Amino acid sequence: MKNIYTALLAILLLVTSYSCSDDFGDMNVPSDATTKVEPKFFLNKMQQEVFANYQRNVNLYPDLYSQYWANTVSSFGSPRYEYVDGWIGNQWSEMYTRHLRSSQAITDQYGGNEFYIDALAINDIWMCYWWSRMTDTYGDIPYFDASKGNPVPYTAQSEIYDDLFKRLGAAVEAITGGSEQYSYGSEYDLIYKGDVEKWKRFGNSLRLRLAMRIANVDPARAEAETKAALEGPGGLLMGNDDVARVPMWSEGWYDYLHQMAWAWNNIRMSKTMSDYLYSESTAGEDPRAPMWFAYQRIENDKAVPKTKEEVGENEYRGIENGYNIVPVNSKEIYATINLEGGYEDFVGNGADKMYCPVMFFSEVKFLLAEAALRGWTSGDFELLYKEGVEASMNYVGVEADAITTYVDGLPAFTADNEARLKRIITQKWIANFPNGPEGWADFRRTDYPDITLPFEGVSGSSTVAADTWVKRVRYPDNEHRQNEENMPEGMRSEDTDRMDIKVWWDTADTKTKSNGLMSTNFN
C-alpha cells in the first residue's frame, strides 16, 4: 500500500489545481503531456476517508448518539448535545472539498468513455453512500451543482433521497462486468478488490437501506424502492464475504476506535450497550460481548486486555452516556475495546490492522425482516430476524453452539407489530456495532432501541431542548457566515439552526412511547 500513499500525495495536488486551473496555466502544458489521473487513485482515497477525522466526525457524535460508546473525558460537550465546530464541522468541509472533488474528477475526466462505464458506476455508488451519510447527519444540504465550487441553494432531503434512488438504480444497471472494462483492481479498491458483482450487490443493498429509512414518511415510495432493490441486477449482499468494510493499513497511523477506546482512553462501552448484551436471550451473556470488549489493566507499565473473569466482574460493564464530570477511574471500572479478542474487524488479519464497517450482511437480513413485517416482500420476518442474529455472530467469530443457544433463547414474537419491530431493530442495533452513524439513524427513524437521555442532562449550551433527544447536527459556522441565505427557512441563524429539529424521515417523538413501544411505525 505504500505506493498508494505516494500516488495520493500527487492526487491531492492535482485535485486542488483541477478546480482552479485557467487558460494561462494550460498554456504551459505540452500538447502530448499526460494530464489525467487514473480513477483508481481517486477511489482509493475516497474509500480511506471513512477514517478521516474519525474521532471528531464520528466518535464524538454518532458513536455517542447511538450509545454504542460513552465519553470518559470530563467537560467534553458533545455527549450532552453541544455542537463544536472544530470537531464535527470537519465532516462538512471534507465532503465538499475532498470526497466530492475526487468523485467529480473521475466523472469529468472519464465520463462518456465506454471503457470506464463500470468504474463510473462504482464511483457513483460510493458517492451515494457519502451523500446519504451527509444528508442523514444534517438534513437539507447543498446537493445539486455542489461540485461546481460555488454556493448553491440547499436541496430538500426528500429531493436528495429521490435522486439517490435514481442514481443507485442507474449505476447498478450500468455495470457491465465486461473483461474489457477498466478495473479499480485488487490493490486500489479497498472494499471489493475490483469485484463489480459485489459492487452491484452493495448498490442494491444501500438502496434497500435508504428505502427503509423513509418507511414512515413515504411508505409507498419506500415499498417501491424496496422491491426495486430486491429486483436489481445482482441482488443483495449474499453473505459475510460481501460485507462492505474499509481496511486500516497495518503500517499506517489511523484515527480510529483503537485510539479512542484504548490508547487515549476517551471512551468506554455505553451502559446501554452493556444492558442489551445481557438482556435479550435466556442464554444470558451475548457471546459477542467478550470478543468485542475487555477491561484494561496496566502490567509492567503496559496496558493489557483482561476478561471479566480475570478482573472479578460478572459482566462487561458500561458507563452511562452524558456525564459532564466523569467518575474517577472510569478507564478501569468500565469495559473497553478488545484488541485481542479474535474479532477480525478489531484485531486485523496481518496485512490489515482493523476494519471500519460500511454495511454488514446481517444488516441486510434485518432490513429484509422489516420489509417482510411491513408486507413489502415475502419471507418469514421472524426467521429473517434470527438469520440476521446468526449472520452477525458468524461474522464476529462466535462458535456454532453458542449461536444456537443464544438464538434459541430469544423471546417469541407477539402479535403486535410495534413489539416485533422493536425486537428486529434492537438486534439490528446490536449487530451493527460499531457502525455509529447507522445505529443513530435507526434510533431516530424508529425510536428503537430504548436509548437514555444524557446522564447529567442536556447541556444548557446546546440547541436541544431539555429532556429531548438530539436529532441532527447543525450546519457549520462557515456556512452561516458565507451561505446562510441558501439555508432552509427558519434555520438561517445559529440560534434557529437547532439540533432537536427532525430530519425529513424522522417523524415521531421518542417521548410518546407507551410501555416501551411507539404507535407511529405502522401508520
Side-chain angles (χ1 to χ4, degrees), residues 11 15 18 36-50 95 98-135 143-147 159-211 224-238 241-246 358-359 361 364:
I11 291 170
V15 172
Y18 184 86
K36 289 185 177 181
V37 174
E38 284 193 58
K40 64 184 182 182
F41 296 112
F42 291 113
L43 183 75
N44 182 275
K45 177 61 178 174
M46 291 159 60
Q47 291 177 344
Q48 290 186 64
E49 294 282 13
V50 299
M95 173 66 182
R98 297 205 317 231
H99 317 339
L100 182 56
R101 192 173 290 179
S102 294
S103 176
Q104 193 62 38
I106 296 174
T107 301
D108 289 348
Q109 293 184 71
Y110 298 97
N113 188 326
E114 292 186 358
F115 182 55
Y116 293 92
I117 290 173
D118 290 1
L120 290 161
I122 290 169
N123 170 50
D124 212 30
I125 290 170
W126 188 239
M127 276 308 295
C128 285
Y129 163 72
W130 275 116
W131 280 121
S132 69
R133 280 272 302 269
M134 284 292 291
T135 188
Y143 179 75
F144 292 112
D145 295 326
S147 63
E159 295 177 34
I160 295 172
Y161 261 70
D162 176 68
D163 194 58
L164 293 179
F165 287 133
K166 293 174 182 176
R167 288 173 66 173
L168 286 169
V172 171
E173 290 280 354
I175 293 176
T176 69
S179 59
E180 77 286 353
Q181 284 287 303
Y182 174 87
S183 173
Y184 288 110
S186 61
E187 184 177 5
Y188 289 88
D189 176 4
L190 300 177
I191 298 176
Y192 288 131
K193 311 300 182 184
D195 189 329
V196 296
E197 294 303 315
K198 289 189 176 184
W199 274 107
K200 285 183 186 179
R201 297 198 284 271
F202 173 67
N204 290 325
S205 300
L206 179 58
R207 190 175 186 178
L208 179 61
R209 172 193 281 178
L210 301 186
E225 293 298 335
T226 294
K227 292 177 178 177
L230 295 176
E231 296 166 1
L236 305 173
L237 301 188
M238 296 175 61
D241 287 343
D242 285 351
V243 165
R245 62 182 186 175
V246 179
V358 174
M359 177 175 276
F361 170 59
V364 173

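All figures in this text were calculated on a predicted structure; none of them were measured in a lab.
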| task | I would like to know whether Met95 and Met127 meet side-chain contact (heavy atoms from CB on, under 4.5 Å); could you show each step before the answer? | result | CA-CA 10 Å; Met95 173 66 182; Met127 276 308 295; 3.5 Å; yes

Under the side-chain hydrogen bond (donor to acceptor under 3.5 Å, both in side chains) test, which residues partner [X], sequence neighbours left out?
X	answer
Thr226	none
Ser147	Gln104
Asp162	Lys166, Arg221
Ser103	Asn123

| query | Restricting to pairs with a member in residues 114-131, which pass salt bridge (charged side-chain N to carboxylate O under 4.0 Å, His left out), not counting sequence neighbours? | reply |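 Counting only pairs at least two positions apart or across chains, the salt bridge (charged side-chain N to carboxylate O under 4.0 Å, His left out) contacts touching residues 114-131 are Asp124-Arg167.
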
| task | Check ring pair (Phe, Tyr, Trp, His ring centres under 6.0 Å) between Phe202 and all other residues, then give those that pass, not counting sequence neighbours. | result |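 Here the qualifying residues are Trp199.
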
| task | Return the set of residues passing ring pair (Phe, Tyr, Trp, His ring centres under 6.0 Å) with Tyr116 (not counting sequence neighbours), or none when no residue passes. | result | Tyr110, Tyr182

When rounded to the nearest 0.5 angstrom, what is the spacing between [atom1] in [X] and [atom2] in [Y]?
X	Y	atom1	atom2	value
Thr135	Tyr161	OG1	OH	6.5 Å
Ser102	Lys45	OG	NZ	8.0 Å
Tyr192	Arg245	OH	CZ	10.5 Å
Ile125	Ser205	CD1	OG	10.5 Å
His99	Tyr129	NE2	OH	9.0 Å
Trp126	Leu206	CH2	CG	9.5 Å

| request: Check step by step if side-chain contact (heavy atoms from CB on, under 4.5 Å) holds for Phe42 and Gln109. | output: CA-CA 12 Å; Phe42 291 113; Gln109 293 184 71; 3.7 Å; yes

To check you understand the geometry: which heavy-atom pair defines the closest contact between [X] and [Y], and what is its length?
X	Y	answer
Ala121	Ala171	CB-O, 3.4 Å
Arg201	Gly234	CG-O, 3.2 Å
Leu210	Ser132	CD2-CB, 3.8 Å
Asp189	Gly194	OD2-N, 2.8 Å
Gln48	Val246	CA-CG1, 4.3 Å
Cys128	Leu168	CB-CD2, 3.7 Å

Under 3.5 Å, side chain of [X] to main-chain N/O of [Y], donor-acceptor pair present?
X	Y	answer
Gln181	Ile117	yes
Asn204	Pro233	yes
Lys40	Glu187	no

| said: Which residues pass the salt bridge (charged side-chain N to carboxylate O under 4.0 Å, His left out) test with Arg133, not counting sequence neighbours? | reply: none

| query | Got a sec, which residues hit salt bridge (charged side-chain N to carboxylate O under 4.0 Å, His left out) with Glu159, two or more places apart in sequence or on another chain? | reply | none

| Is there side-chain contact between Phe361 and Asp242, with at least one heavy-atom pair below 4.5 Å? | no

| said: With a 4.5 Å cut-off on side-chain heavy atoms, are Ile191 and Lys198 touching? | reply: no

| With respect to Leu100, which candidate in Tyr143, Trp130, Trp131 satisfies the side chain to side chain contact (heavy atoms under 4.5 Å, CB included) definition? |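 Exactly one candidate clears the test, Trp131.
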
